[in-house]
Novice: 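Sharing a structure, written as structure tokens. Questions coming.
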2 protein chains.
Amino acid sequence: MSINILLADDHQLTREGVRSLLEGEEDINVVGEALDGRSAVRLARELGPDVILMDVCMPDMNGIVATTLILAENPRIKVIALSMLDDRRFVSNMLRAGASGYLVKDCSFKELARAIRMVIANRTYLSPGIMDVVVKDYVRPPAYSDSPYSSNLTIREKEVLQLVAEGHSTPQIANSLHVSAKTIESHRQNLMAKINAKGIAGLTKYAIREGLTSA
Amino acid sequence: MSINILLADDHQLTREGVRSLLEGEEDINVVGEALDGRSAVRLARELGPDVILMDVCMPDMNGIVATTLILAENPRIKVIALSMLDDRRFVSNMLRAGASGYLVKDCSFKELARAIRMVIANRTYLSPGIMDVVVKDYVRPPAYSDSPYSSNLTIREKEVLQLVAEGHSTPQIANSLHVSAKTIESHRQNLMAKINAKGIAGLTKYAIREGLTSA
DNA sequence: TCTGATTTCGGGGCAACCCTAATTTTCTCC
DNA sequence: GGAGAAAATTAGGGTTGCCCCGAAATCAGA
């Protein structure tokens, strides 16, 4: 009884590479390839694979939406998300959509093979780095998720964040908000903890992603 | 006489996949793998490969800077750039750095194999989609050079800028570049003066605009 | 009213920032 | 091949600001 796999990734070279690796496994069988989310949904229906390796970011329809649609039709299928290193912010949404696993592309093939066999056994597999994000969100509930869809920053924090990202110094910000510099520093500390960013560089990047300032 | 290849890509799964595909070719031999630009430079020196498959976007040191450094040491080496679909803006800089080929990752292995054999024969290979970009830039020369790296930053300054924008501190950068912290400070000062940016926020934004790091 | 989130503030250590200036290496041009 | 320019390196010394520790006051809702 072999495992039937559907690949969904918009990079052909990645698809071919993963297929080549998987074909070295006796009990694994690649039954199809999708270039975008929409065709992944269609092929999942037509082929009924056991496992789908789903890139998170794809044109036309991203992996999160595709996963939701596929599992609504056929909850038996296991979806393993594949993402770039800096796409970790999609973790919670992908898992909420029903993914059984989450791998960063910076993982070994050995890890991928293990993930496939684990989800087949109805277990969940997360890359070590991803585990941290999930545990953090679990321990300190999703108020503090680094997901762009759930940035739970207070008004004050957004004000401070924007000014920081615009290049103002703490005393300048304190002055323009009429509070002590120490207050602004606390806000910055809380911001860095909330969005899991390191230093002004990280804060600035987050502010750009959130549209609080422009690059 | 087989072709020796060095892989430089920060995604292990991609490296393993491409390696697996290349190993199916009789006359091609993968001699090493680099996870970032810096180790690519080192491995290029140690292994002296015939061809380097170089991801454009990598942490620590990107493919453009790495290519520049590698070809300065050993112009005999052929570099083929691999990029994501939306990294096309780096085409001109990568070619200017001396790359012999430019492939988008959404290409077939067949295409990759052909590219490798062409650059070995001292020819240039560009993905069809990339050709368009090059021709367009050729027809309408860079009157207003909106391209990244158009700024008069030196290689070293670009290295430092990327590391700063990735959130590293001055002592960390000094350590990883094996120079004094004062040297890094000087580079940072010069950078801020050159690009008229204030503080780490300004430097980070500039690095994002120039594609040295991602938001 | 009590809990918890928000906003506020302080001290100490270290890093960023600004200035000037020197040496060595590398490149370019004649 | 040698002169000059540009780049890369290091340094001293001072001011300011960032960052991490904690903690008090304010305010909202259970």
Side-chain angles (χ1 to χ4, degrees), chain A residues 137 139-145 150-207, chain B residues 38 41 61 65 68-75 96-98 149-207:
Chain A
D137 283 358
V139 172
R140 184 189 40 169
Y144 297 172
S145 161
S150 63
S151 90
N152 242 356
L153 302 185
T154 67
I155 302 290
R156 201 58 158 176
E157 284 167 344
K158 285 181 188 171
E159 275 185 84
V160 173
L161 176 56
Q162 177 171 353
L163 291 168
V164 168
E166 283 171 357
H168 302 290
S169 70
T170 296
Q172 284 176 329
I173 299 171
N175 190 50
S176 92
L177 296 184
H178 304 105
V179 292
S180 153
K182 284 300 182 182
T183 304
I184 303 303
E185 290 193 4
S186 287
H187 285 310
R188 237 203 353 255
Q189 290 304 117
N190 292 331
L191 280 165
M192 288 192 288
K194 277 190 181 182
I195 68 187
N196 195 28
K198 277 176 189 166
I200 293 181
L203 290 173
T204 303
K205 288 183 177 186
Y206 185 87
Chain B
R38 201 170 309 284
V41 174
M61 179 193 288
V65 175
T68 306
L69 294 176
I70 289 168
L71 293 181
E73 278 190 25
N74 188 346
R96 212 169 291 145
Y149 298 88
S150 58
S151 56
N152 45 356
L153 299 185
T154 67
I155 298 288
R156 200 55 156 177
E157 284 167 345
K158 290 172 196 166
E159 278 187 78
V160 173
L161 177 55
Q162 176 173 357
L163 291 168
V164 167
E166 282 173 359
H168 302 288
S169 70
T170 296
Q172 283 176 332
I173 298 170
N175 190 52
S176 95
L177 296 184
H178 304 105
V179 294
S180 152
K182 279 297 184 184
T183 305
I184 304 302
E185 279 197 41
S186 289
H187 285 309
R188 211 165 6 80
Q189 292 301 118
N190 292 334
L191 278 165
M192 288 194 287
K194 273 191 183 181
I195 69 187
N196 194 28
K198 276 175 190 167
I200 294 180
L203 290 173
T204 303
K205 287 185 177 185
Y206 186 86

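All values below come from the heavy atoms of this structure, side chains included, with hydrogens, waters and symmetry mates left out. Lettering follows sequence order; numbering is per chain, from 1.
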Novice: Can you check the B/I184 CD1 to D/dA7 C1' distance for me, whole Å?
Specialist: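 Taking CD1 of B/I184 and C1' of D/dA7, I get 14 Å after rounding.
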Novice: Among residues 161-170 of chain A, which ones have heavy-atom contacts with DNA chain D below 4.0 Å?
Specialist: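 The answer is A/S169, A/T170.
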Novice: Of the nucleotides C/dT7, D/dC19, C/dC17, which one has an atom closest to the side chain of A/I200?
Specialist: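 Closest nucleotide among those given: D/dC19.
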Novice: Would one find a side-chain N or O of B/R188 under 4.0 angstrom from OP1 or OP2 of C/dA15?
Specialist: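 Checking C/dA15 against B/R188, no side-chain N or O comes under 4.0 Å of OP1 or OP2.
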Novice: Using the rule given for side-chain contact (heavy atoms from CB on, under 4.5 Å), can you reason through B/T154 versus B/K194, listing the C-alpha separation, both sets of side-chain angles and the distance that settles it, and then say yes or no?
Specialist: CA-CA 11 Å; B/T154 67; B/K194 273 191 183 181; 4.2 Å; yes
Novice: Is a side-chain donor or acceptor of A/N175 paired with a backbone partner of A/P171 at a separation under 3.5 angstrom?
Specialist: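 No; judged by distance alone, with no hydrogens or angles, the pair does not exist.
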Novice: Are A/E166 and A/Q162 close enough, and set up right, to give a side-chain hydrogen bond (donor to acceptor under 3.5 Å, both in side chains), and what steps lead you there?
Specialist: CA-CA 6 Å; A/E166 283 171 357; A/Q162 177 171 353; 3.1 Å; yes
Novice: Using nucleotides 4-6 of chain D, report all nitrogen or oxygen pairs with the protein that are shorter than 3.5 Å.
Specialist:
none

Novice: Pick one: which of A/H168, A/H187, A/E159, A/E185 meets side chain to side chain contact (heavy atoms under 4.5 Å, CB included) with A/I173?
Specialist: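 The side chain to side chain contact (heavy atoms under 4.5 Å, CB included) with A/I173 is passed solely by A/H168 among A/H168, A/H187, A/E159, A/E185.
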Novice: Check nucleotides 21-30 of chain D against the protein and report each pair of N or O atoms closer than 3.5 Å, with its distance, or say if there are none.
Specialist:
none

Novice: Give a yes/no on whether any side-chain N or O of A/H187 is located under 4.0 angstrom from OP1 or OP2 of C/dT8.
Specialist: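 Affirmative; the distance criterion is met.
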Novice: Between D/dC18, C/dC9, C/dC17, which nucleotide has the shortest distance from any of its atoms to the side chain of A/P171?
Specialist: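 Out of D/dC18, C/dC9, C/dC17, the nucleotide with an atom closest to A/P171's side chain is D/dC18.
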Novice: Which nucleotide in the set C/dC18, C/dA16, C/dC9 lies at the smallest distance from any side-chain heavy atom of A/V179?
Specialist: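 Side chain of A/V179 sits closest to C/dC9.
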Novice: How many whole angstroms separate atom CG of A/L203 from atom C1' of D/dC18?
Specialist: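 These atoms are roughly 11 Å apart.
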Novice: Roughly, in whole Å, what's the span from NZ in B/K198 to P in C/dA16?
Specialist: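 Distance, rounded to whole Å: 20 Å.
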Novice: Check the distance between C/dA16's C1' and B/Q172's CD and give it to me in whole angstrom.
Specialist: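 In whole Å, C/dA16 C1' lies 14 Å from B/Q172 CD.
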Novice: Would you check, one step at a time, whether the test side-chain contact (heavy atoms from CB on, under 4.5 Å) holds for A/L177 with A/V160?
Specialist: CA-CA 9 Å; A/L177 296 184; A/V160 173; 4.1 Å; yes
Novice: Can you confirm whether A/R156 sits close enough to A/V179 that some side-chain heavy atom of one is under 4.5 Å from a side-chain heavy atom of the other?
Specialist: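 A side-chain contact exists here, since the closest heavy-atom pair is under 4.5 Å.
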Novice: What verdict does the side-chain contact (heavy atoms from CB on, under 4.5 Å) test give for A/L153 and A/I195, after you've listed the backbone C-alpha separation in whole Å, the side-chain angles of each residue and the deciding distance to 0.1 Å?
Specialist: CA-CA 9 Å; A/L153 302 185; A/I195 68 187; 4.2 Å; yes
Novice: Is there a side-chain contact (heavy atoms from CB on, under 4.5 Å) between B/V41 and B/V65 once you walk through the steps?
Specialist: CA-CA 10 Å; B/V41 174; B/V65 175; over 6 Å; no
Novice: Whole-Å distance between D/dA8 C1' and B/K182 NZ?
Specialist: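 Computing the B/K182:NZ to D/dA8:C1' distance gives 16 Å.
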Novice: Between P on C/dC17 and CG on B/N190, what's the gap in Å once rounded to a whole number?
Specialist: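 Rounded to the whole Å, the gap is 13 Å.
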Novice: Out of D/dC20, C/dC9, D/dT10, which nucleotide sits closest to the side chain of A/T183?
Specialist: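 Of the candidates, C/dC9 comes closest.
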Novice: Return the CG to CZ distance between B/L69 and B/R38, rounded to the nearest 0.5 Å.
Specialist: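 Here the rounded value is 9.0 Å.
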Novice: What's the separation between atom NZ in B/K198 and atom CE in B/M192, rounded to the nearest 0.5 Å?
Specialist: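 It comes to 11.0 Å.
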Novice: Could you tell me the separation between the NZ atom of B/K182 and the OG1 atom of B/T170, rounded to the nearest 0.5 Å?
Specialist: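 Reported to 0.5 Å precision, the distance equals 10.0 Å.
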Novice: Could you tell me the separation between the CD atom of A/E185 and the P atom of D/dG17, rounded to a whole number of Å?
Specialist: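 Distance, rounded to whole Å: 10 Å.
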Novice: Could you state the interatomic distance from CG (B/L203) to OG1 (A/T204), rounded to the nearest 0.5 Å?
Specialist: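 Between B/L203 CG and A/T204 OG1, I get 9.5 Å after rounding to 0.5 Å.
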Novice: Starting at CG of A/L177 and ending at C1' of C/dC9, how long is that distance when rounded to a whole Å?
Specialist: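 Computing the A/L177:CG to C/dC9:C1' distance gives 15 Å.
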